[in-house]
Amino acid sequence: MVVPVIDFSKLDGAERAETMAQIANGCEEWGFFQLVNHGIPLELLERVKKVCSECYRLREVGFRASEPVRTLEALVQAEQRGEAVTPVDDMDWEDIFYIHDGNQWPSDPPAFKETMREYRAELRKLAERVMEAMDENLGLEKGAIQRAFSGDGRHEPFFGTKVSHYPPCPRPDLITGLRAHTDAGGVILLFQDDQVGGLEVLKDGEWTDVQPLAGAIVVNTGDQIEVLSNGRYRSAWHRVLPMRDGNRRSIASFYNPANEATISPAVASGEAYPKYVFGDYMDVYAKQKFQAKEPRFEAVKAPKSSPAA
């Protein structure tokens with residue numbers, strides 16, 4: 001099985017219907033697909049790779065002193081003493097930081113801020129075009145998903161970026177790169193390493209590689225798209241395996257509802273999902289990220305009113 005690869009430039013041409021069908025298949029059958037010819041200049045992507053890699057070089061000493069590294073070293077030492085060891089299941093072999101419009105961005109390397117502002121602006125436009133394709137495929141009015149995410153324009157949707165590196169791991173059998181999970185939010189756009197693999201998506205009970213592809217943007221649907229589509233689109237379980245060789249770079253951007261936005265199914269068929277405030281869902285997700293998503297939906301379900309006495 002291969003994660004679908006879609007030529008996004010054909011969305012505006014004679015092959016539009018076929019491209020829309022490919023996007024629908026990616027959302028319905030996989031929860032993951034890759035876009036090529038997406039309109040983001042390859043020269044900009046090269047600059048993004050450069051500044052993020054330089055950023056990690058400045059952070060590498062910190063990672064080497066981090067808890068995952070110390071924990072793995074302790075396990076290896078215990079094993080060498082002849083003790084039985086159990087793989088770590090509560091932390092990840094990952095160096096990360098987040099950027100969004102309201103936080104402090106790295107100032108070194110000097111080109112980081114300008115490059116990432118330009119990249120995020122392009123990526124946000126791409127996310128909105130993808131959501132409009134989802135609107136159409138779901139039979140919704142154009143802009144319906146964006147309106148849901150903004151509370152009908154009253155709030156600004158959240159757009160954040162997670163910059164990750166997964167350095168070479170000497171014992172990938174004893175720790176995960178990133179534990180299996182579904183994403184809490186809306187539409188996720190990932191610019192992944194085109195040399196070092198490790199990202200896998202769960203499809204029909206089997207873990208399948210999300211193959212590195214130069215210049216591609218990986219799209220996956222989060223829990224809120226599952227709810228809005230009433231289960232027609234599913235948020236997919238995915239994970240990152242640690243690698244002995246290669247430092248995997250991963251730049252994931254999340255187009256999420258505003259915390260104040262109320263989310264409920266916009267498609268009136270299929271499974272029933274609750275109506276809730278997204279910020280409440282995030283409070284539950286923060287504690288249950290690596291657990292099944294169904295109890296999260298149950299936890300935010302509004303209690304039914306008691307009958308009047």
Side-chain angles (χ1 to χ4, degrees), residues 3-13 16 19-20 22-23 26-27 32-56 96-107 109-136 142-143 145-147 149-150 153 156-165 183 185-195 199 210-222 224-225 248-258:
V3 174
V5 177
I6 301 170
D7 185 341
F8 204 58
S9 67
K10 294 182 178 179
L11 194 65
D12 298 321
R16 174 180 172 78
T19 305
M20 289 291 290
Q22 291 172 343
I23 293 171
C27 292
F32 264 77
F33 52 93
Q34 301 208 55
L35 296 180
V36 296
N37 297 324
H38 39 62
I40 300 177
L42 296 181
E43 174 272 335
L44 174 57
L45 295 181
E46 288 299 317
R47 284 193 281 129
V48 169
K49 287 163 59 172
K50 184 174 186 293
V51 297
C52 289
S53 295
E54 289 175 357
C55 235
Y56 175 72
I96 60 172
F97 64 93
Y98 293 89
I99 58 174
H100 54 81
D101 290 343
N103 74 339
Q104 185 73 33
W105 294 21
S107 55
F112 181 86
K113 290 182 180 179
E114 179 183 350
T115 300
M116 294 305 289
R117 281 196 194 101
E118 185 179 349
Y119 170 69
R120 279 168 45 84
E122 290 287 338
L123 206 63
R124 184 168 188 145
K125 289 187 289 186
L126 177 60
E128 290 172 351
R129 290 195 68 201
V130 170
M131 287 190 288
E132 287 176 357
M134 292 178 180
D135 290 333
E136 185 174 334
K142 183 177 180 179
I145 294 174
Q146 283 181 252
R147 286 194 296 275
F149 282 9
S150 66
E156 183 69 21
F158 178 79
F159 188 65
T161 298
K162 173 187 172 187
V163 179
S164 307
H165 283 83
D183 287 326
V187 175
I188 299 86
L189 296 97
L190 169 68
F191 180 34
Q192 70 165 345
D193 202 293
D194 55 15
Q195 300 293 323
L199 176 62
V210 181
Q211 63 275 22
L213 184 61
I217 297 293
V218 180
V219 178
N220 72 280
T221 48
Q224 308 316 305
I225 294 295
R248 173 182 167 81
R249 180 187 56 257
S250 172
I251 306 159
S253 296
F254 304 82
Y255 197 118
N256 289 354

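Values in this document were obtained by computation on a predicted structure and should not be read as measured data.
- Counting only heavy atoms from C-beta outward, the side chains of Asp183 and Asn220 approach each other to under 4.5 Å.
- Atoms CD1 and CZ, on Ile217 and Phe191 in that order, are 6.0 Å from each other to the nearest 0.5 Å.
- Side-chain polar atoms of Ser253 and Thr161 form a donor-acceptor pair below 3.5 angstrom.
- Taking 4.5 Å as the limit, every side-chain heavy atom of Phe149 sits out of range of all side-chain heavy atoms of Asn256.
- More than 12 heavy atoms of other residues, nucleotides or ligands lie within 6.0 Å of NZ in Lys162, so this atom counts as buried by the packing criterion.
- Between Glu46 and Lys50 there is no salt bridge, since no side-chain nitrogen of the basic residue lies less than 4.0 Å from a carboxylate oxygen of the acidic one.
- Taking 4.5 Å as the limit, every side-chain heavy atom of Ile6 sits out of range of all side-chain heavy atoms of Leu11.
- Here the side chains of Cys52 and Ile251 are in contact, with some heavy-atom distance below 4.5 Å.
- In summary, Lys49 and Glu54 do not engage in a salt bridge, as defined by a charged side-chain N under 4.0 Å from a carboxylate O.
- Electrostatic pairing of Glu122 and Arg47 does not count as a salt bridge here, judged by no charged N lying under 4.0 Å from a carboxylate O.
- Using a 4.5 Å heavy-atom cutoff, the side chains of Ser53 and Arg249 are in contact.
- Put simply, the side chain of Leu126 reaches to within 4.5 Å of the side chain of Leu189, judged on heavy atoms.
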*Stepwise side-chain hydrogen bond (donor to acceptor under 3.5 Å, both in side chains) test for Gln192 and Arg248*: CA-CA 8 Å; Gln192 70 165 345; Arg248 173 182 167 81; 2.7 Å; yes
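- At least one side-chain heavy atom of Met134 sits under 4.5 Å from a side-chain heavy atom of Thr221.
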*Dump the intermediate steps for salt bridge (charged side-chain N to carboxylate O under 4.0 Å, His left out) on Lys113 and Glu118, then the final yes or no.*
CA-CA 9 Å; Lys113 290 182 180 179; Glu118 185 179 349; over 6 Å; no
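- A salt bridge is absent between Glu132 and Arg129: the closest approach of a Lys/Arg side-chain nitrogen to an acidic carboxylate oxygen does not fall below 4.0 angstrom.
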